[in-house]
Amino acid sequence: MLRARLEASEEEKSKLIGNHKLEVDAMRRELKDLQGSYSDALKWAYTDEIAPYEHWIEEGYPEEYADAMVELQERFEQIIKDLR
């Protein structure tokens, strides 16, 4: 009886460890994606170039989004010029 309980406990432990490893792997993938996004955002923030409309379309964004991003970047550019 104790042996059966021990085996059941070890089996449950193995399942929990397996699930934990899957969760950790998913978190690592998410972290890597976020780090890439953050890095891309910093590169964009420090560039003086505007990402063209085509860039947003190629990235898979809808036309309305691409238009809005170009407009936003142009406003940022103007604000920065005004601050100088």
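Taking NZ from K32 and CG from L34, the interatomic distance works out to 13.0 Å, rounded to the nearest 0.5 Å. To the nearest 0.5 Å, atom CZ of residue F76 and atom CE of residue M69 are 8.0 Å apart. The CZ atom of R29 sits 9.0 Å away from the CG atom of D33 when rounded to the nearest 0.5 Å. The line from CG of D67 to OH of Y61 is 15.0 Å long, rounded to the nearest 0.5 Å. Between R28 atom CZ and Q35 atom CD the span is 12.0 Å, to the nearest 0.5 Å.
A donor-acceptor pair is defined here as one N or O able to donate and one able to accept, closer than 3.5 Å; such a pair exists between the side chain of S14 and the backbone of E10.
Side-chain contact between Y53 and E63 is present, with at least one heavy-atom pair separated by less than 4.5 Å. Under the 4.5 Å side-chain criterion, counting only non-hydrogen atoms from C-beta, L16 is not in contact with K13.
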* Show the numbers, then the answer: is there a side chain to side chain contact (heavy atoms under 4.5 Å, CB included) between E77 and Q73? => CA-CA 6 Å; E77 185 178 50; Q73 292 176 95; over 6 Å; no
* Using the side chain to side chain donor-acceptor pair (under 3.5 Å) rule, take Q78 and D82 through it: C-alpha gap first, then chi angles, then the decisive distance, then the call. => CA-CA 6 Å; Q78 187 58 50; D82 292 346; 2.9 Å; yes
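In plain terms, the two heavy atoms of I57 and A66 that are nearest each other are CD1-CB, 3.8 Å. The nearest pair of heavy atoms linking W56 to A51 is NE1-O, 3.4 Å.
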